[in-house]
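Keep in mind that the numbers below use all heavy atoms, side chains included, and drop hydrogens, waters and symmetry copies.
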Amino acid sequence: MFKYILKRLGYMLLALFVIVTVTFFLMRLAPGSPFASERNFPPAIEEKLNETYGLNNPWYIQYKDYLIDAATFNFGESMKYKARSTNDMIAESFPVSLTLGIEAMLIAIGMGVLLGVISALYHNKFPDYAATIIAVLGISVPSFILASVMQYFLAYKLDLFPTAGWNGFIYSILPAFAIALAHMGFIAKLTRSSMLEQSNSDYVKMARAKGLGKWKVVFKHSLRNALLPVVTYLGPLTAGVVTGSFIVEQIFAIPGLGKHFVQSITNRDYTVIMGTTVFYSIILLFTVFIVDILYSIIDPRIKLKGEKKS
Amino acid sequence: MKNKKFFLLALIAALSLVLAACGFGGDSKSGDDNKSTDDSKTDDSGSSKKELKLVVASEPPSLHPQLATDTTSGAVLNEVFEGLTRLDSDTVPQPGMAEEWEESEDGLTYTFHLRDAKWSNGDPVVAEDFIYAWTWGLDPENMSEYASILYPIKGAQAFNEGKGSVEDLGLKAEDDKTLVVTLENPTPYFLQLTAFKTMAPLNQKAVEANEDWYTDAGDDYVTNGPFKLASWKHNDSIVLEKNEDYWDAANVDLEKVSIGMVEEESTAVTQFKKGEIDFLGSPFQTVALDSIDSFKSEDKLNISDQAGVYWYKLNTTDEVMKNKNIRKALTLAINRQELINSVTKGEQKPALGMVPVAIEGFEEDRGYYKDNDIEEAKKALEAGLKELGIAKAEDLEIKISMNTSEAHAAIAQFIQEGWNKELGIKTTLDNSEWQVYLEKLNMLDYQVGRMGWIADYNDAYSFLEMYTTADNGNNDTGWENPEYKSLMEQSIKELDANKRLDLLKQAEAIGMEEFPVAPIYYYTNLYVVGDHVKNMAPDVLGNFQLKNVKLD
């Protein structure tokens with residue numbers, strides 16, 4: 001197990017290195033300069049700006065500097081937001097996205113699994129159809145439409161929620177649902193199909209034959225096995241959801257991390273691009289890693305490589 | 001099995017810890033704040049707290065007066081800082097930090113007498129604070145992108161470009177309360193500039209104590225304006241509170257201004273309709289294009305002229321566009337009024353010159369050309385084609401460049417159709433991201449490129465100055481004309497206001513014979529105001545003076 005973790009960490013470092021490198025070159029290949037401005041300023045000042053941010057150096061020096069920055073997690077100051085460090089920007093906005101993301105995940109997993117179980121238990125009956133319709137709608141309606149529609153009806157027309165902002169739990173409900181519904185639908189479908197598979201298996205038939213109730217079998221036996229595909233999906237889901245959704249955060253004016261991914265690129269804010277990319281990669285790599293470890297806990301049949309030998 | 005249970009328990013514990021740690025934005029203190037904002041009428045104290053609620057479209061990139069370049073930052077800075085003067089609703093300079101001033105006969109020396117005002121840290125505002133701030137802004141080490149606002153000061157440009165020294169700047173503090181400024185040239189709009197953000201004073205002690213004083217609200221953010229920066233949650237909200245020590249505090253009605261940051265236009269419209277915010281209109285978000293009609297039908301929409309112009313720059317170094325007649329044909333064959341009616345919808349004015357009608361002295365049409373003058377356009381096109389040796393108009397292909405945006409694309413498509421239908425010219429559209437587009441314009445890598453220009457001060461010079469020489473950083477067309485240049489140079493020296501106006505108009509006339517730009521429309525300010533808000537309207541430069549706003 002320990003060996004396996006070490007090995008995985010090694011791979012993660014390698015992946016991170018590749019990501020940083022590719023991002024760096026793509027970023028520098030893209031046309032446009034962070035200091036291009038509507039009102040022109042003297043060339044001497046532009047020169048000075050380039051010098052301050054090290055953009056005058058040859059590419060290999062810049063590349064080296066970026067690698068060092070990435071390794072020390074010190075990405076420097078934003079080129080757009082004066083005197084604001086990239087780390088501060090991430091540190092301020094990530095907790096917001098994380099909170100919203102966890103809330104959305106809880107909704108997505110909770111409702112998704114519930115819907116999936118219901119439709120599997122009442123296979124080809126009304127509850128199945130109803131749950132499937134909800135799930136398919138959730139998957140196919142884009143989150144920005146959902147967000148706008150919820151904002152218009154629930155916040156504006158019915159006045160149940162605040163329109164936008166981030167000032168307390170009530171502000172998080174609409175955006176969390178807007179993020180969660182698509183994932184909920186997906187999880188519901190996953191759960192449903194693997195539950196159906198389980199309910200045809202011998203051990204479930206056996207349990208039913210012993211006289212256990214439908215729901216009891218689900219919670220005691222089959223759900224645990226059926227959740228395996230869901231757990232797989234959980235890794236990328238977590239990384240995607242906790243780092244913020246650009247569209248939903250924009251519509252609900254949430255000061256999250258999502259917008260930095262997009263805006264740093266349109267602003268050509270190199271330091272922030274690197275900072276957010278490295279941050280996102282780390283989270284993604286770690287969640288995938290944790291999911292792999294979770295496998296072995298949920299399903300004892302799966303042995304992690306290297307574990308056998310120890 | 002036991003192990004696994006423990007693991008799950010630990011996982012749940014960790015999760016709940018994370019949730020508890022990050023919370024939902026409102027910590028207990030700001031949570032209370034919000035309660036009182038929700039029903040501001042029933043404040044604890046019993047008296048109603050006068051709060052104005054606004055939103056801006058983005059986080060202000062910098063709340064440093066000398067470093068800020070954008071209107072969002074400018075809107076906040078204008079409330080928390082105060083320069084020597086402050087503009088009234090007609091953009092006439094009124095006493096600000098300066099109680100009174102004298103201008104010398106030759107228009108080159110201004111003597112300002114400062115009033116007894118205080119910084120938010122208790123220091124008195126003295127003449128040295130202005131000298132310190134302006135020198136700071138001009139110092140090339142500090143990389144202020146807006147330092148050119150200070151160029152009218154003697155020696156400023158040389159110092160900023162690294163050719164001069166601090167000692168040569170025309171700034172002198174005779175005593176704590178007297179500031180003498182010597183200018184390079186008589187600058188009739190100088191007293192407007194002293195109201196501009198770049199010319200706001202800085203508290204030297206605060207700046208030197210903390211280099212990054214301007215990145216957060218707090219004791220280090222020392223200001224002298226009608227409002228104080230009470231809090232700044234990055235990307236979330238800014239709260240301004242009335243400055244009780246402000247010299248004119250008795251006349252400031254608002255006690256609190258909360259400014260949210262809402263990027264999505266339609267969200268801001270919904271917030272306004274629901275009454276969550278009191279005002280909508282640049283720079284406090286904008287009235288979204290698709291909501292204009294509904295606000296109009298409710299008779300809520302206000303429209304006022306703005307000192308800005310939307311124009312197509314014509315690259316005079318391009319193979320085709322170097323021909324004056326082609327440029328003329330393209331400029332004339334635009335149906336501006338129809339464009340305004342069906343596309344932009346904000347009751348903008350068709351631009352028939354380079355200087356907007358909102359600028360003093362330019363209210364009347366100067367008669368350079370007519371809107372949608374197809375006949376003249378066809379004549380010019382024919383002449384132009386002959387000169388270029390091109391047989392048919394169909395052989396001409398012109399590319400309109402713009403930054404990616406639905407609004408700009410719609411305008412370009414309208415003009416494209418007009419050129420195609422009326423002149424038979426093939427036109428293609430080319431869009432790129434803003435940062436890329438700006439570089440393209442600058443490198444003259446385009447044929448026709450859209451641009452907007454909004455004046456920082458109410459004077460025609462702002463619109464004409466950029467075309468004085470081809471290498472002026474804002475020219476972007478490669479065009480220059482010796483006569484134009486000499487007229488502009490004369491206008492700088494001219495002391496008589498009428499003669500100066502005349503010189504500027506002559507220069508504009510030359511520009512509108514040669515067409516380095518095709519003006520399209522003059523901007524308007526569109527805004528909607530909550531019923532209980534009085535006295536809140538932008539001036540022609542788009543400035544607001546929240547100190548004058550009253551709440552019922």
**Request:** Let me know if T270(B) has heavy atoms under 4.5 Å from chain A in its side chain, its backbone, both or neither.
**Result:** both
**Prompt:** Side chains of E263(B) and E249(A): closer than 4.5 Å at any heavy-atom pair?
**Reply:** no
**Message:** At a 4.5 Å cut-off on heavy atoms, which part of E59(B) comes close to chain A: side chain, backbone, both, or neither?
**Reply:** both
**Side chain T215(B), main chain R84(A), donor-acceptor under 3.5 Å** = no
**Asked** Residues in side-chain hydrogen bond (donor to acceptor under 3.5 Å, both in side chains) with D430(B), at least two apart?
**Response** S401(B), K440(B)
**Asked** Relative to chain A, which segment of M466(B) carries a heavy atom at a distance below 4.5 Å: side chain, backbone, both, or neither?
**Response** neither
**Prompt:** Are the side chain of E439(B) and the backbone of A36(A) linked by a donor-acceptor contact shorter than 3.5 Å?
**Reply:** no
**Asked** Taking atom OG of S62(B) and atom OH of Y81(A), what is their separation to the nearest 0.5 Å?
**Response** 11.5 Å
**Request:** Between chain B and each of S93(A), A44(A), P42(A), count heavy-atom pairs under 4.5 Å; write down the option with the most.
**Result:** P42(A)
**Fill in**
Bottom line for M261(B): the part with an atom under 4.5 Å from chain A's heavy atoms is backbone
**Asked** Do you know which of T69(B), L67(B), N160(B) has the most heavy-atom pairs with chain A at a distance under 4.5 angstrom?
**Response** N160(B)
**Message:** Nearest 0.5 Å, please: how far is NZ in K259(A) from CG in N235(B)?
**Reply:** 4.0 Å
**Message:** Under 4.5 Å from any heavy atom of chain A, what part of E211(B) do you find: side chain, backbone, both or neither?
**Reply:** neither
**Prompt:** Do I45(A) and E161(B) have side chains that get closer than 4.5 Å, going by heavy atoms?
**Reply:** no
**Asked** Can you tell me if CZ on F177(A) sees more than 12 non-hydrogen neighbours from other groups inside 6.0 Å?
**Response** no
**Prompt:** Are T266(A) and Q435(B) side-chain neighbours, meaning at least one heavy-atom pair lies under 4.5 Å?
**Reply:** no
**Request:** Below 4.5 Å from any heavy atom of chain A, which atoms of D456(B) appear? Answer side chain, backbone, both or neither.
**Result:** both
**Prompt:** What pairs with W213(B) under ring-ring contact (aromatic ring centres under 6.0 Å, His included), at least two apart in sequence or on another chain?
**Reply:** H64(B), Y221(B)
**Complete:** Ranking P34(A), A83(A), S78(A) by heavy-atom pairs under 4.5 Å to chain B gives rank one to A83(A)
**Item:** residues 147-158 of chain A: residues contacting chain B (heavy atom under 4.5 Å, by number)
**Value:** Q151(A), A155(A), Y156(A)
**Request:** Could you look at N474(B) and say if it's the side chain, the backbone, both or neither that has a heavy atom under 4.5 Å from chain A?
**Result:** both
**Asked** When rounded to the nearest 0.5 angstrom, what is the spacing between NZ in K48(A) and CE in M143(B)?
**Response** 7.0 Å
**Request:** Against chain A, label E433(B) side chain, backbone, both or neither, depending on which of its atoms sit under 4.5 Å from a heavy atom there.
**Result:** side chain
**Complete:** Sorted by chain and residue number, the ring-ring contact (aromatic ring centres under 6.0 Å, His included) partners of Y523(B) (sequence neighbours excluded) come out as Y521(B)
**Test item: N40(A) side-chain N/O and G473(B) main-chain N/O as donor-acceptor pair under 3.5 Å** = yes
**Asked** Side chain, backbone, both or neither: which part of S58(B) has an atom under 4.5 Å from a heavy atom of chain A?
**Response** neither
**Request:** Flag the pair Q250(A) / T267(B) as yes when at least one side-chain heavy-atom distance between them is below 4.5 Å, and no otherwise.
**Result:** no
**Asked** Do the side chains of S37(A) and W434(B) get nearer than 4.5 Å, heavy atoms only?
**Response** no
**Asked** When only pairs under 4.5 Å are counted, which of G165(A), P162(A), G256(A) shares the most heavy-atom pairs with chain B?
**Response** P162(A)
**Prompt:** Given that the side chain runs from C-beta out, which part of Y214(B) has a heavy atom under 4.5 Å from chain A: side chain, backbone, both or neither?
**Reply:** side chain
**Request:** For T163(A) and E276(B), test the side chains for any donor-to-acceptor distance below 3.5 angstrom and give the result as yes or no.
**Result:** yes
**Prompt:** Rounded to the nearest 0.5 Å, how far does CD1 of I454(B) lie from CD of E38(A)?
**Reply:** 7.5 Å
